[in-house]
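Side chains are part of it too, since the values below use all heavy atoms of this structure and drop only hydrogens, waters and symmetry mates. Everything numeric here is computed off the predicted structure, so don't read it as measured data. When a residue number appears, it is its place in the shown sequence, counting from 1.
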Amino acid sequence: MDLSPIDCKQVLQQIELYLDGELDPAMGSEVGRHLGACSPCMDHADFKRHLRELLKAKCGCGQVPAHVLERIRTVLGEEPDRPAGV
């Protein structure tokens, strides 16, 4: 049972910032706790982490261009949540 005060939707909206280490410590801790208790959200985070590694390896760049991230989000059916940055 997930006792986290934030729900899956909130976690998935913050996942990019969490993976970048850009959340404030309190929110980062809440997201981390939720991920530890929610397999679907953890799977989503793992997929995004793996996708980032793959893009970095294939692109040979430190940052994924904004248009590429927006296209990926569109294909995945996600709403844009912030400017580009990996």
- What residue among T74, V75, V68 forms side chain to side chain contact (heavy atoms under 4.5 Å, CB included) with I72?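 Filter result, single survivor: V68.
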Locate the shortest heavy-atom distance separating [X] from [Y]; write the atom from each residue and the value.
{"X": "R49", "Y": "L19", "answer": "NH2-CD2, 3.2 Å"}
{"X": "I15", "Y": "A45", "answer": "CD1-CB, 3.6 Å"}
{"X": "H34", "Y": "D7", "answer": "CE1-C, 3.8 Å"}

Looking at [atom1] of [X] and [atom2] of [Y], how far apart are the two atoms once the value is rounded to the nearest 0.5 Å?
{"X": "L12", "Y": "C38", "atom1": "CG", "atom2": "SG", "answer": "8.0 Å"}
{"X": "C41", "Y": "D46", "atom1": "SG", "atom2": "CG", "answer": "11.0 Å"}
{"X": "E30", "Y": "M27", "atom1": "CD", "atom2": "CE", "answer": "7.5 Å"}
{"X": "H50", "Y": "K48", "atom1": "NE2", "atom2": "NZ", "answer": "14.0 Å"}

